[in-house]
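Scroll down for the structure; my scribbles are underneath it.
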Amino acid sequence: MKASNLLLKTLRDIPSDAENISHRLLLRAGYVQQVAAGIFSLLPIGNRSIFKIREIIRDEMNLSGCAEVNMPVIQPKELWEESGRAETFFPPLANFKDKRERTLVIAPTHEETATAMIRSFVSSYRDLPVTIYQIQTKFRDETRPRGGLLRVREFEMKDAYSFDVDEKGLDKSFETMLKTYKRIFSKCGLEMVIVDADSGGIGGKESKEFVLIADSGDDTILISPDESYAANLEKAEFIKTDYSEDKILDKEIIETKNINTIEKLSDFCKIPKNKIAKSVIYNSDGEIIIAVIRADYDVNETKLRNILGSKDLRIASSEEVINAGFIPGYASPIDRTSIKSVIDDSIEIGSNYTAGANKEHFHFKNVNYPRDFRSEIVGDIAEAKEGFLSPNNSGKLIAKKGIEVGHIFKLGYTYSEIMGADFTDKTGETRPILMGCYGIGIGRLLAAAIEANHDENGINLPASISPFTVNLIGINLEEKKVNDKCEKIYDLLSKNHIDVLFDNRDLPPGVKFKDSDLVGFPIRIIISKKNFQETNIEIKSRNDSNSSYISESKLVDFINNLIQ
RNA sequence: CGGGGCGUGGCGCAGCUCGGUAGCGCGUUGCACUGGGGGUGCAGAGGUCACAGGUUCAAAUCCUGUCGCCCCGACCA
């Protein structure tokens, strides 16, 4: 390919409010153009990178025995009504009406479509297992797109769906995808951390995220010092410190005038926070519930949501708190048996707590569980933080920011049951199919790769996903001899299937060098009057400040050697 | 959805307080020079100042509203 045909145009200046490094570089290097908030065009250069990423993914998915399909972006709303997600999906499904007034949705993901496909074509255990995948555009009307390609509204995703007869089969499919993803990311030159994740609104149980550690990421993960444990914030567990005392004291009421926060209470009573039982009141699908946790910890709302099985969980408004009979600042589950409560298990490994007396200006001292209050639900609802003990006992957790590029889930029966995707097993019985789903954000992968691979001169992608492998720079192409030699090398490399860009633009050498580093070509070949007498070809890699000189006959091998 | 900011030639910005000739850098066009890290000179082209309404003799500038975009937060299969 020749640069003159490529719309290759880099920018010196980009808007000062584009903060994110990958966003800035994607714009500057001419990879993308923004069309609207969270909606981008890929320019020729960027499109080539994306193409290479797709091909790596395809190769690896196919190698793992997955079948590529293509499901529609535009779908009837009825499909989503079947699964119940027409109303519950967040952000709400983008939709429009066709000329017959039928509502069509723009798909944000394809669990329903995939399930419906399999439902029609799988009837026997003999048809299973099967994993289908596609690389397809999705649309999610994010409330706030951000960070260039990191969080967009229209995006391309590789999504795969596995279908199995039993748990063992699902485990195997999941494991296959785990390995496939490792190979994909490694081929893209990315070092990913695999973390335990919450499976969230999509349903299902086990789930893992592939996260690239980067400060610009919006995912928080917690890692043990030996890196054997890693989980994202929603999921992360930790070993809770035991503060229980042998001697259980009698409960007594104390006056705490205007002491209505944990901080004030801790100061006023001169007790550490781990001696306070904190009560947080939530609205869970319309029901007021009270969550009780030791005050040295905070409630993890994802864990609370999961333990309650609630769809919509939020902190109760002060009005709701009062209507439920609580006094803000003095609430507790004591003597409030009509209100559902959830107790964090930290409460069990402590004793003689101070807690609200449900009476203004009063608290109870020496409150103990289960003597003074009870709950049917006791479990882990605490949020892990940096410095807390890793659950595998290998020291203190470390918090890091990261970009979630891939996510794999065991869905279980969530979609197959509700949508009637069944098969007949060996004994002739009808059973629902076990599903898994597996996603990789394509554009986000590119952005993440740039976050991880850049320097002060620009993008420095690995050859596997760089727009071109070789940038052939001719200096002063008006010199016929220089131009002829460029054409000759260009032919040589092209014929040998080396992905070469011939920068044939009539520009000063400085501009071409700057562009070469900015766009991030891994290898540069320079032809000029200066090195013309030299029989060997001048070649320089992006990461090396010095050039090498290689004979034409060895050039192809040399390059292939460099990029593998 | 809450908070903050911005909208002025293709791109990046100044001008707005204090109303009166629309400016700078980059890019771009032509010519010449130059040719190993965003080169030099000369000469050009290019803007209903986001949109709508209002105030005024006069609005990029003041007022009201709308739209768009960015950043922080909430949210994020």
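Treat the numbers as computed from the prediction; the structure is a model and nothing was measured. Every chain is numbered from 1 and lettered A, B, ... according to where its sequence line falls, protein lines coming before strand lines.
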What does the list of N/O pairs under 3.5 Å between the protein and nucleotides 8-12 of chain B look like, with a distance for each?
unit_1: C11(B); atom_1: O2'; unit_2: D13(A); atom_2: O; d: 3.3

| field | Charged tip of R48(A) within 45° of F468(A) ring normal and under 6.0 Å | value | yes

| Are the charged groups of R28(A) and D13(A) less than 4.0 angstrom apart, N to O? | no

| message | Roughly how many Å apart are G7(B) and U66(B), using the C1' atom of each and rounding to a whole number? | response | 14 Å

| task | Any strand is fair game: report the nucleotide pairing with C76(B) by Watson-Crick or G-U wobble, both distances under 3.5 Å, or none. | result | none

| Does the distance from a Lys or Arg side-chain N to an Asp or Glu carboxylate O, for E87(A) and K77(A), drop under 4.0 Å? | yes

| query | If you look at every strand shown and take non-hydrogen atoms under 4.0 Å, does D159(A) touch a base, only sugar-phosphate, or nothing? | reply | nothing

| field | Sole residue of E156(A), E154(A), H110(A) in side-chain hydrogen bond (donor to acceptor under 3.5 Å, both in side chains) with K138(A) | value | H110(A)

| request: Could you let me know what U61(B) is paired to, Watson-Crick or G-U wobble, both distances under 3.5 Å, or none if it's on its own? | output: none

| task | Would you kindly compare D517(A) and H407(A) by the position of their nearest RNA chain B nucleotide and give the one closer to the 5′ end? | result | D517(A)

| task | Test side-chain contact (heavy atoms from CB on, under 4.5 Å) on K182(A) and I194(A) and set out the steps. | result | CA-CA 9 Å; K182(A) 284 182 184 171; I194(A) 301 169; 3.4 Å; yes

| said: In whole Å, measure the gap between the P atoms of A52(B) and C13(B) for me. | reply: 25 Å

| task | Searching all strands shown, indicate the nucleotide that pairs with A14(B) (Watson-Crick or G-U wobble; both distances under 3.5 Å). | result | none

| field | Touch class at under 4.0 angstrom, heavy-atom based, for K9(A) against every strand present | value | sugar-phosphate

| field | Sidechain N-carboxylate O distance under 4.0 Å for K401(A), D215(A) | value | no

| said: Taking G5(B) as the reference, what is the distance to U48(B) when you measure between their P atoms (whole Å, please)? | reply: 29 Å

For residues 31-41 of chain A, which side-chain N or O atoms pair as donor and acceptor with protein atoms under 3.5 Å away, sequence neighbours left out?
unit_1: Y31(A); atom_1: OH; unit_2: V519(A); atom_2: O; d: 2.7
unit_1: Q34(A); atom_1: NE2; unit_2: A36(A); atom_2: O; d: 3.1

| query | If we call it a pair only when both distances are under 3.5 Å in a Watson-Crick or G-U wobble match, what pairs with G9(B)? | reply | none

| query | Distance between the P atoms of C24(B) and A45(B), in whole angstroms? | reply | 13 Å

| query | Should G41(B) form a Watson-Crick or G-U wobble pair with both distances under 3.5 Å, which nucleotide is its partner? | reply | C31(B)

| request: Could you tell me whether F185(A) and F210(A) have their ring centroids closer than 6.0 angstrom? | output: yes

| request: Could you tell me how the ring of F174(A) sits relative to the ring of Y438(A): parallel (under 30°), tilted (30 to 60°) or perpendicular (over 60°)? | output: tilted

| said: Without decimals, in angstroms, what is the distance between L313(A) CG and C75(B) P? | reply: 10 Å

| said: If I pick the P atom on C49(B) and the same atom on U61(B), what distance separates them, to the nearest angstrom? | reply: 9 Å

| message | In this structure, how many angstroms lie between the P atom of C76(B) and the CZ atom of F409(A), rounded? | response | 12 Å

Please tabulate, one pair per line, each protein N/O and nucleotide N/O from nucleotides 33-36 of chain B that are separated by under 3.5 Å, including the distance.
unit_1: G35(B); atom_1: N2; unit_2: L507(A); atom_2: O; d: 3.0
unit_1: G36(B); atom_1: N7; unit_2: S528(A); atom_2: OG; d: 2.9
unit_1: G36(B); atom_1: O6; unit_2: S528(A); atom_2: OG; d: 2.5
unit_1: G36(B); atom_1: O6; unit_2: N531(A); atom_2: ND2; d: 3.1
unit_1: G36(B); atom_1: O6; unit_2: E538(A); atom_2: OE1; d: 3.3
unit_1: G36(B); atom_1: N1; unit_2: E538(A); atom_2: OE1; d: 2.8
unit_1: G36(B); atom_1: N1; unit_2: E538(A); atom_2: OE2; d: 3.1
unit_1: G36(B); atom_1: N2; unit_2: E538(A); atom_2: OE2; d: 2.6

| query | Excluding sequence neighbours, so at least two apart, what forms side-chain contact (heavy atoms from CB on, under 4.5 Å) with N283(A)? | reply | I288(A), R314(A), E320(A)

| message | Under a 3.5 Å cut-off for both contacts, is A22(B) paired Watson-Crick or G-U wobble with anything, and if yes, with which nucleotide? | response | none

| said: Check this for me, if you would: do R524(A) and D517(A) make a salt bridge, where the nitrogen-to-carboxylate-oxygen distance has to be below 4.0 angstrom? | reply: yes

| query | Who pairs with K9(A) by salt bridge (charged side-chain N to carboxylate O under 4.0 Å, His left out), at least two apart in sequence or on another chain? | reply | none

| said: Looking at G47(B), which nucleotide sits across from it as a Watson-Crick or G-U wobble partner, both distances under 3.5 angstrom, or is there none? | reply: none

| field | Separation of C76(B) P from L233(A) CG (nearest whole Å) | value | 12 Å

| field | Protein-to-nucleotide contact annotation, 5' to 3' order, nucleotides 68-74 of chain B [B base; S sugar-phosphate only; - none; under 4.0 Å, heavy atom] | value | -SSBBBB

| field | Pairing of R58(A) and E68(A) as salt bridge, 4.0 angstrom limit | value | yes

